[in-house]
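Quick note on labels: first sequence line is chain A, next is B, and so on, each numbered from 1.
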Amino acid sequence: MNIYNTMSRKKEQFKPMNDKRVKLFVCGPTVYDDAHIGHARTYISFDMIKRYLEYKGFAVFYMQNVTDIDDKIINRSAEVGADPEKLARKFEKRYLEDMKAVGVEGVNFFARATDHVPEIISQIETLIEKGFAYETETGVYFDEAKFPDFGKLSRRNLEDLNVHRVNIDLTKKNPGDFALWKKRDEEPLWDSPWGTGRPGWHIEDTAITEEYFGPQYDIHGGGLDLIFPHHEAEIAQMESASGKSPMVRYWMHTGFLNVSGEKMSKSLGNFITIRDLLEDHDPQVFRFFVLSTHYRSPIDFSEKTLEQAAKSLKRIQKTVEKVNELADSAADNSEDDAYFTELLENYRTKFLESMDNDFNTPKALSHVFNFVKELNKSFEDKNPSEKILKDIVAFFYEFGEIMGFDLAGKSVASDEYLSGELLDIIKDIRQKLREKKEWELSDDIRSKLTDLGIDIEDN
RNA sequence: GCCAAGGUAGCUUAGCGGCGAAGCGGUGGACUGCAGAUCCAUUACACGGGAGUUCAAAUCUCUCCCUUGGCUCCA
């Protein structure tokens with residue numbers, strides 16, 4: 001299979017360092033506020049990627065860091081008068097709940113920055129010893145000039161990076177030198193060989209990955225916005241500290257999510273958290289929406305596109321239901337089986353080919369839709385056996401497992417969702433009226449229920 | 001200014017050198033007492049403009065136009 005590598009800007013054949021074992025690290029959130037749908041886009045994408053790698057037989061260890069010490073957390077705590085640690089724990093908990101809600105379950109280990117301060121300090125010491133970092137009165141900084149490869153991921157050069165800076169810390173050798181350790185004397189702080197303070201932003205990830213994965217591993221992922229400066233800094237730190245290159249074999253970055261064509265931001269008032277979204281939308285529909293665009297492409301969120309996703313997903317769900325129903329009453333064998341076997345294998349192959357090609361979920365979905373269409377057409381004049389129908393259902397479930405759709409359940413707009421005793425009585429009355437062909441009254445009840453947001457579908 | 005990602009049917013997206021594809025929408029039909037849902041069929045003068053390379057270009061090169069984003073924190 002092929003994976004697009006941001007480092008080479010090309011698709012490359014995927015070959016982990018250690019046969020079938022894959023070490024995957026994705027930059028997690030800074031827990032100072034609720035996660036938004038842009039985070040969800042990124043983490044759903046990597047969730048799908050992990051699921052597919054496992055489907056292909058790889059043993060994937062997926063690790064994510066949680067940035068629980070950072071300026072944003074400190075500032076927010078000051079604003080709301082909370083303890084930074086409590087604030088971070090609160091939003092970490094909510095983050096985990098949100099991920100679960102959108103079906104992201106594949107992360108094997110979450111590593112908090114604050115649980116790895118000794119590892120961070122140790123890595124900084126190594127960098128100082130090797131001459132890649134220096135101490136000033138404000139902190140410890142990475143000496144960019146000592147790492148000529150700086151900029152290789154984002155394709156920038158040092159000259160460009162050292163201009164246009166504001167509020168330069170004059171103790172630094174170069175404006176682009178970034179903090180490994182910030183010297184502070186107010187909470188929250190930790191002791192270090194350089195006095196009290198706290199870690200810089202970039203160092204936690206390499207300290208964590210070095211601890212659990214070693215200096216080199218397979219895949220590092222994150223949003224497009226992290227390429228510069230965050231991932232660039234990680235490369236500089238880790239490759240300098242270990243003397244080994246490359247730090248990671250495949251850099252994967254997800255595209256942005258925009259809201260109605262604009263960047264999501266608090267000032268524009270179009271900021272949507274996962275919690276906001278799930279108040280009136282099915283998480284599966286959101287997953288479908290995310291996966292109907294390639295993970296590297298920009299994706300535009302709007303009520304309209306979400307609605308389209310809902311209808312598209314339902315089409316697949318309806319077909320799965322239908323195949324399941326047919327299987328209940330199908331014959332043991334049929335002369336049409338050869339036809340269906342070929343159809344199934346044909347589309348399974350196409351589906352897998354698309355997924356193998358840098359996780360092209362939109363292409364893979366289009367094959368599934370073609371399969372759905374062919375099936376529906378065939379059912380008009382062909383009678384598959386129970387066995388082949390079960391094989392078909394198994395394929396859909398497999399597909400659902402990779403994408404994270406629950407195709408085994410009922411479809412979104414099923415009657416099952418209507419409940420309540422009062423409603424049962426009304427439905428019962430309507431049914432009796434309809435049996436007596438009292439159309440006018442029964443239709444009137446139906447339209448009044450519709451006004452209340454309750455849709456009744458007569459069959 | 002520099003860098004990046006884009007501009008494909010009404011909408012949302014694949015394709016990225018060799019019959020332009022999927023979903024949604026539209027239209028027609030089946031089903032239904034009706035509506036809806038579902039299914040089938042069909043539709044659509046869609047590759048931003050202009051040059052060039054090639055037997056062949058949506059796909060490669062150049063150029064211009066437009067959109068969004070980054071160059072400070074950001075998934």
Side-chain angles (χ1 to χ4, degrees), chain A residues 6 9 11 26-30 32-33 35-46 64 67 70-72 75 151 154-157 159-161 163-168 176 201 221-230 253-258 261-266 288-289 291-302 304-319 321-322 354 357 360-373 375-380 411-415 434 437-440 442-443 446-447 450 455-459:
Chain A
T6 308
R9 310 282 157 121
K11 286 179 192 168
V26 175
C27 287
T30 300
Y32 73 108
D33 202 348
H36 58 244
I37 57 178
H39 293 107
R41 192 267 165 106
T42 290
Y43 299 128
I44 286 171
S45 297
F46 281 105
Q64 217 177 74
T67 303
D70 165 273
D71 287 350
K72 287 199 289 294
N75 294 341
S154 57
R155 310 223 162 170
R156 301 183 193 203
N157 54 51
E159 297 85 81
D160 293 345
L161 298 175
V163 292
H164 297 308
R165 293 283 177 135
V166 287
N167 299 329
I168 297 169
W201 174 39
L224 202 62
D225 48 345
L226 294 180
I227 294 176
F228 184 87
H230 186 53
H253 293 97
T254 53
F256 281 116
L257 178 146
N258 294 316
E262 288 177 309
K263 184 185 177 177
M264 181 166 48
S265 75
K266 292 201 168 151
F288 186 95
F289 162 76
L291 297 174
S292 62
T293 299
H294 186 81
Y295 76 87
R296 281 189 282 115
S297 299
I299 186 168
D300 193 53
F301 178 92
S302 67
K304 193 175 173 184
T305 49
L306 207 60
E307 226 173 273
Q308 290 189 359
K311 288 180 175 168
S312 305
L313 174 61
K314 197 169 166 191
R315 181 166 160 82
I316 297 173
Q317 288 172 322
K318 282 283 175 187
T319 300
E321 267 176 44
K322 187 171 176 179
S354 300
N357 183 14
N360 193 334
T361 51
K363 185 75 176 285
L365 283 171
S366 84
H367 291 311
V368 170
F369 279 112
N370 281 325
F371 183 46
V372 159
K373 178 175 282 187
L375 281 177
N376 279 315
K377 211 193 305 182
S378 310
F379 291 151
E380 288 181 358
S411 64
V412 183
S414 165
D415 225 32
R434 291 182 68 237
K437 299 196 191 298
E438 297 275 355
W439 308 125
E440 201 178 325
S442 67
D443 286 357
R446 182 173 63 192
S447 87
T450 303
D455 291 319
I456 301 277
E457 293 178 9
D458 295 321
N459 185 17

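Counting to the nearest Å, the C1' atom of C16(B) and the NZ atom of Lys363(A) are 11 Å from each other. The distance between atom CZ of Phe369(A) and atom P of A21(B), rounded to the nearest whole Å, is 17 Å. The separation between Phe288(A) atom CZ and U12(B) atom P is 16 Å, rounded to whole Å. Distance CG (Leu226(A)) to P (C73(B)): 12 Å, rounded to an integer number of Å. For the pair Lys318(A) NZ and C40(B) C1', the interatomic distance rounds to 17 Å; values are reported in whole Å. In this structure, Glu262(A) places its CD atom 12 Å from P of G70(B), rounding to the nearest Å. Here A5(B) presents its P atom at 14 Å from OH of Tyr295(A), a figure rounded to the nearest Å. Between the P atom of U12(B) and the CD1 atom of Ile299(A) lies a distance of 12 Å, rounded to the nearest Å.
Among the atoms of the strands shown, base atoms are found under 4.0 Å from some heavy atom of Leu257(A). Nucleic acid contact for Glu307(A): none, since no nucleic acid atom lies under 4.0 Å from a heavy atom of the residue. Looking at heavy-atom distances under 4.0 Å, Gly222(A) makes contact with sugar-phosphate atoms alone, never a base. Among the heavy atoms of the strands, none lies under 4.0 Å from Phe289(A). The residue Thr42(A) sits close to a base: some heavy atom pair falls under 4.0 Å. Contact annotation for His253(A): no contact, since no heavy-atom pair falls under 4.0 Å across all strands. In this structure, Phe256(A) reaches the bases: a heavy-atom distance under 4.0 Å links it to at least one base atom across the strands shown. At the heavy-atom level, Ser297(A) lies under 4.0 Å from the strands shown only through sugar-phosphate atoms. Residue contacts shown for Asn370(A) are limited to sugar-phosphate atoms, with no base heavy atom under 4.0 Å away. Residue contacts for Lys377(A): at a heavy-atom cut-off of 4.0 Å it reaches the sugar-phosphate backbone alone, with no base atom in range. Within the nucleic acid shown, Gly221(A) has no heavy atom closer than 4.0 Å to any nucleic acid atom.
Scanning atom types as modelled, no donor and acceptor separated by under 3.5 angstrom connect the side chain of Arg315(A) and the base of C39(B). Interface remark: the Asp225(A) side chain does not form any donor-acceptor pair with the G69(B) base, using a distance-only criterion of under 3.5 Å. Put simply, the side chain of Arg446(A) and the base of A35(B) share a donor and an acceptor less than 3.5 Å apart. In the interface, the side chain of Arg434(A) is paired with the base of G33(B) through a donor and an acceptor atom under 3.5 Å apart.
Under the Watson-Crick and G-U wobble criteria, each requiring two contacts below 3.5 Å, nucleotide C16(B) is left unpaired. Base pairing of G10(B) is made with C24(B), judged by Watson-Crick or G-U wobble geometry with both donor-acceptor distances under 3.5 Å. Of all nucleotides present, only U38(B) satisfies the Watson-Crick or G-U wobble test against A30(B), with each distance under 3.5 Å. Checking C2(B) for Watson-Crick or G-U wobble geometry (two distances, each under 3.5 Å) identifies G70(B) as its partner. In this structure, A58(B) makes no Watson-Crick or G-U wobble pair, since no nucleotide meets both defining distances under 3.5 angstrom. In this entry C45(B) has no Watson-Crick or G-U wobble partner, no candidate having both defining distances under 3.5 Å. Across the strands present, A75(B) finds no partner; the criterion is a Watson-Crick or G-U wobble pair with both atom distances under 3.5 angstrom.
The minimum heavy-atom distance between Gly38(A) and Leu257(A), with the atom names listed, is CA-CB, 4.1 Å.
Distances from the side chain of Asn360(A) to the nucleotides G33(B), A14(B), U12(B) place A14(B) closest. Distance from the side chain of Lys263(A) is smallest for G70(B) among the nucleotides G70(B), C73(B), A75(B). Distances were taken from every side-chain heavy atom of Asn376(A) (C-beta onward) to each of A75(B), U12(B), C40(B); the shortest belongs to C40(B). When distances run from any side-chain atom of His39(A) to the nucleotides C40(B), A75(B), A22(B), the shortest one goes to A75(B). In the set A35(B), A41(B), C39(B), A41(B) carries the atom at the smallest distance from any side-chain atom of Lys373(A). In this structure, of U13(B), A75(B), G25(B), it is G25(B) that holds the atom nearest to the side chain of Lys311(A). Looking at the side chain of Gln308(A), the nearest of the listed nucleotides U38(B), A75(B), C24(B) is C24(B). Distances were taken from every side-chain heavy atom of Pro229(A) (C-beta onward) to each of A14(B), C73(B), A5(B); the shortest belongs to C73(B). Residue Thr254(A) has its side chain nearest to A75(B) when only G33(B), C39(B), A75(B) are considered. Residue Lys322(A) places its side chain closer to C39(B) than to any other of C39(B), A22(B), U13(B).
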*Steps toward side chain to side chain contact (heavy atoms under 4.5 Å, CB included) verdict (Thr67(A), Lys72(A))*: CA-CA 10 Å; Thr67(A) 303; Lys72(A) 287 199 289 294; over 6 Å; no
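A distance of about 15 Å separates the P atoms of A21(B) and C16(B), rounded to the whole Å. C40(B) and C47(B) have their P atoms separated by 29 Å, with the value rounded to a whole Å. Distance check on atom P: C60(B) versus U72(B) gives 31 Å, rounded to whole Å. Spacing of P atoms, C39(B) relative to G7(B), comes out at 30 Å, to the nearest Å. C66(B) and G49(B) have their C1' atoms separated by 10 Å, given to the nearest Å. For the C1' atoms, the distance from U68(B) to G48(B) is 15 Å, rounded to whole Å. Rounded to whole Å, the P atom of C62(B) lies 12 Å from the corresponding atom of A4(B).
Projected onto RNA chain B by closest heavy-atom contact, Lys304(A) and Leu375(A) fall at different nucleotides, the more 5' of which corresponds to Lys304(A). For the pair Asp70(A) and Ile316(A), both in contact range of RNA chain B, the more 5′-proximal nearest nucleotide belongs to Ile316(A).
Between Lys311(A) atom NZ and Lys318(A) atom NZ the span is 14.0 Å, to the nearest 0.5 Å. Rounding to the nearest 0.5 angstrom, the gap separating the OG1 atom in Thr293(A) from the CG atom in Asp300(A) is 9.0 Å. Considering OG1 of Thr254(A) and CG of Leu224(A), their distance stands at 7.0 Å, rounded to 0.5 Å.
Formation of a donor-acceptor pair under 3.5 Å by the Arg41(A) side chain with backbone atoms of Pro298(A) is not found in this model. One N or O on the side chain of Thr361(A) and one on the backbone of Leu291(A) form a donor-acceptor pair closer than 3.5 Å. Looking at His367(A), its side chain never comes within 3.5 Å of a backbone N or O of Ala364(A) through a donor-acceptor pair.
Ring-base stacking between Trp439(A) and G33(B) is satisfied, the centre separation being under 5.5 Å and the plane angle under 30°.
Ring-plane geometry between Phe301(A) and Phe289(A) is classed as perpendicular, the angle between the planes exceeding 60 degrees on a 0 to 90 degree scale with a lower cut at 30.
Counting heavy atoms from C-beta on, the side chains of Phe256(A) and Lys263(A) never come closer than 4.5 Å.
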